[in-house]
Number of protein chains: 2
Amino acid sequence: MATRSAERGRTTRQRLLDAAVTLVPEVGWGGVTTRMVAERAGVAPGVVHYHFASVTDLLVAAGLGFTTALLDGLAAELAARPGIGEGIDWLLGELSQYSGADPASLLVMEMFLASTRLPELRERLGVQIGGFRAVVASWLTAHGYRGDAEAAAALLAASLDGIVLHRALDPGLDPAALAAPLRAMFAAG
Amino acid sequence: MATRSAERGRTTRQRLLDAAVTLVPEVGWGGVTTRMVAERAGVAPGVVHYHFASVTDLLVAAGLGFTTALLDGLAAELAARPGIGEGIDWLLGELSQYSGADPASLLVMEMFLASTRLPELRERLGVQIGGFRAVVASWLTAHGYRGDAEAAAALLAASLDGIVLHRALDPGLDPAALAAPLRAMFAAG
DNA sequence: GGTCGACTTGGGCAACTGTCCAAACCCTAC
DNA sequence: GTAGGGTTTGGACAGTTGCCCAAGTCGACC
């Protein structure tokens with residue numbers, strides 16, 4: 001078998017995915033071109049359409065790979081926090097590394113928007129977010145939250161994304177300063 | 001003077017702006033082309049570059065015009081609410097008309113993203129948001145909020161945007177269901 | 001050695017892009 | 001009527017796009 005070739009192909013495919021992940025934040029979802037990705041990945045333009053049916057396919061695969069890793073990491077870390085207050089503080093601390101203008105934030109936002117025009121992407125992204133919210137909700141109840149944990153988890157997740165969004169326009173916005181009202185939300189629940 | 005011509009020019013310009021506002025949500029900020037806008041506005045392609053230096057210039061002007069009207073309207077309505085609880089309930093009610101996938105939500109999100117690549121747009125959008133936040137903060141203090149009104153207003157504004165963002169992926173997410181934790185947030189302040 | 005399959009190359013294609021511009025147009029002022 | 005401003009037209013331009021493909025490389029097997 002040509003296992004050597006297949007292995008090389010897999011690493012090339014991964015390089016294309018990585019290149020897409022770095023390019024989307026730079027030039028926007030719709031601004032990524034075949035030749036751009038190929039150049040950044042260090043391969044010939046034709047390779048892109050050998051490994052992916054279209055540029056959009058490549059972007060979808062790259063984006064979903066990124067969010068999977070991100071959300072899985074967040075969920076795992078959150079589960080390890082001993083209490084709700086600690087968890088929120090930790091989340092806000094994490095958030096400080098997402099300025100809203102950093103590559104990760106931009107990629108996620110670009111995916112949100114692209115998903116409104118790509119049903120398949122919307123479907124798969126929705127499943128990921130739903131799973132994350134479920135984890136947060138069960139974590140809240142497990143640590144004594146008495147209100148509607150589903151609603152609280154939804155609001156928490158939405159607030160986090162909203163904060164990132166606003167930080168993009170107001171770099172002076174400090175997530176830590178929002179801890180008080182955010183903790184109040186769950187203390188009262 | 002050719003006042004008749006000038007007037008016709010102004011309405012054409014406005015038609016181009018309106019066309020851009022409807023197109024950005026449909027095809028994305030970077031997906032709007034000269035001919036697309038011209039066709040939707042019912043004019044020849046050349047007109048676009050007579051009224052605007054570039055397509056980007058047109059999009060910036062159209063987007064900022066839209067957000068100005070939106071934020072001014074929101075601020076005015078909010079100021080008329082008698083109390084914090086009523087204000088939040090009203091805001092959440094308003095929010096139900098922004099599904100996250102509706103043209104208005106999409107346009108605003110597209111502007112957020114485009115602003116990361118267009119310093120001028122970011123600057124002017126930031127000023128608008130800052131102004132809105134200041135209005136909300138003073139409204140909060142005027143109605144008895146005792147905590148850090150600036151932080152609370154920032155979190156409130158961010159939460160609202162975040163909710164819209166999440167509704168795009170989860171249409172079943174009901175803003176009204178988030179009223180309890182959101183009110184708790186400000187009741188405790 | 002030769003054969004085979006997976007992968008890669010670089011150029012070719014039609015379609016589309018933003019921008020420009022000479023010419024035509026409409027309306028007002030003389 | 002003529003002149004002239006502001007506006008509109010539709011085509012031209014060079015550059016870029018996504019996608020395709022014949023030819024090539026490479027290593028594994030016989």
Side-chain angles (χ1 to χ4, degrees), chain A residues 1-63 110 113-114 117-118 120-121, chain B residues 1-24 26-63 110 113-114 117-121:
Chain A
M1 281 173 279
T3 59
R4 246 340 184 245
S5 293
E7 187 185 321
R8 197 154 60 106
R10 252 178 285 124
T11 75
T12 299
R13 194 187 132 97
Q14 189 56 51
R15 271 221 304 275
L16 286 172
L17 291 170
D18 293 344
V21 164
T22 71
L23 278 171
V24 169
E26 288 178 28
V27 300
W29 183 277
V32 179
T33 70
T34 312
R35 292 158 180 80
M36 228 181 245
V37 184
E39 191 193 9
R40 178 142 320 180
V43 297
V47 174
V48 175
H49 287 87
Y50 175 80
H51 286 284
F52 299 92
S54 69
V55 175
T56 301
D57 265 31
L58 163 60
L59 295 182
V60 167
E110 290 282 355
L113 276 176
R117 274 161 241 128
L118 299 171
E120 186 209 332
L121 177 58
Chain B
M1 279 175 279
T3 61
R4 243 346 183 240
S5 295
E7 188 184 318
R8 197 154 61 108
R10 253 177 285 124
T11 75
T12 299
R13 194 188 133 97
Q14 189 56 49
R15 272 222 303 276
L16 287 172
L17 291 170
D18 294 343
V21 164
T22 72
L23 278 171
V24 168
E26 287 178 29
V27 300
W29 182 279
V32 179
T33 70
T34 313
R35 292 158 181 82
M36 230 182 244
V37 184
E39 190 192 9
R40 176 141 324 179
V43 297
V47 174
V48 175
H49 286 86
Y50 174 79
H51 287 285
F52 299 92
S54 69
V55 176
T56 301
D57 265 31
L58 163 59
L59 295 181
V60 167
E110 290 281 356
L113 277 175
R117 274 161 241 127
L118 300 171
E120 186 208 332
L121 177 58

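Chain letters run A, B, ... following the sequence lines, proteins first and then strands; every chain starts at 1. The structure displayed is predicted, hence computed values, not measured ones.
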With rounding to the nearest 0.5 angstrom, report the [atom1] to [atom2] distance, [X] to [Y].
X       : Y        : atom1 : atom2 : answer
A:Thr56 : A:Arg117 : OG1   : CZ    : 11.0 Å
B:Leu16 : B:His51  : CG    : NE2   : 6.0 Å
B:Arg13 : B:Thr11  : CZ    : OG1   : 12.0 Å
A:Asp18 : A:Leu23  : CG    : CG    : 11.0 Å

Of all pairs that satisfy salt bridge (Lys or Arg N to Asp or Glu O under 4.0 Å), the ones with a partner from residues 20-43 of chain A, not counting sequence neighbours: A:Glu26-A:Arg40
Mind calculating the distance between [atom1] ([X]) and [atom2] ([N]) to the nearest angstrom?
X       : N      : atom1 : atom2 : answer
B:Tyr50 : D:dT7  : OH    : P     : 4 Å
A:Glu7  : D:dA28 : CD    : C1'   : 13 Å
A:Glu39 : C:dT9  : CD    : C1'   : 16 Å

Residues touching DNA chain D, which here means a heavy atom under 4.0 Å, drawn from residues 10-19 of chain A: none
What are the two closest heavy atoms between [X] and [Y], and how far apart are they?
X       : Y        : answer
A:Ala53 : A:Asp57  : CB-OD2, 3.7 Å
B:Pro45 : B:Thr34  : O-CG2, 3.9 Å
A:Ala20 : A:Val37  : N-CG1, 4.4 Å
B:Trp29 : B:Glu110 : N-OE1, 3.2 Å
A:Ala62 : A:Val21  : O-CG2, 3.8 Å

Partner set under salt bridge (Lys or Arg N to Asp or Glu O under 4.0 Å) for B:Arg15, not counting sequence neighbours: none
Contact under 4.0 Å: A:His51 side-chain N or O vs C:dT8 OP1/OP2: yes
Pairwise N/O distances under 3.5 Å, protein to nucleotides 22-24 of chain D:
none

Consecutive-pair stems (at least three Watson-Crick or G-U pairs, under 3.5 Å) that include DNA chain C: C:1-30 with D:1-30
Sugar-phosphate only, base, or nothing, as touched by A:Val43 at under 4.0 Å among non-hydrogen atoms: sugar-phosphate
Protein proximity profile, nucleotides 14-20 of chain C - base contact B, sugar-phosphate-only contact S, no contact -, cut-off 4.0 Å on heavy atoms: ---BBBB
B:Val55 and B:His49: CA distance, side-chain angles, deciding distance, side-chain contact (heavy atoms from CB on, under 4.5 Å) verdict: CA-CA 8 Å; B:Val55 176; B:His49 286 86; 4.3 Å; yes
A:Leu17 and A:Phe52, any side-chain heavy atoms less than 4.5 Å apart: yes
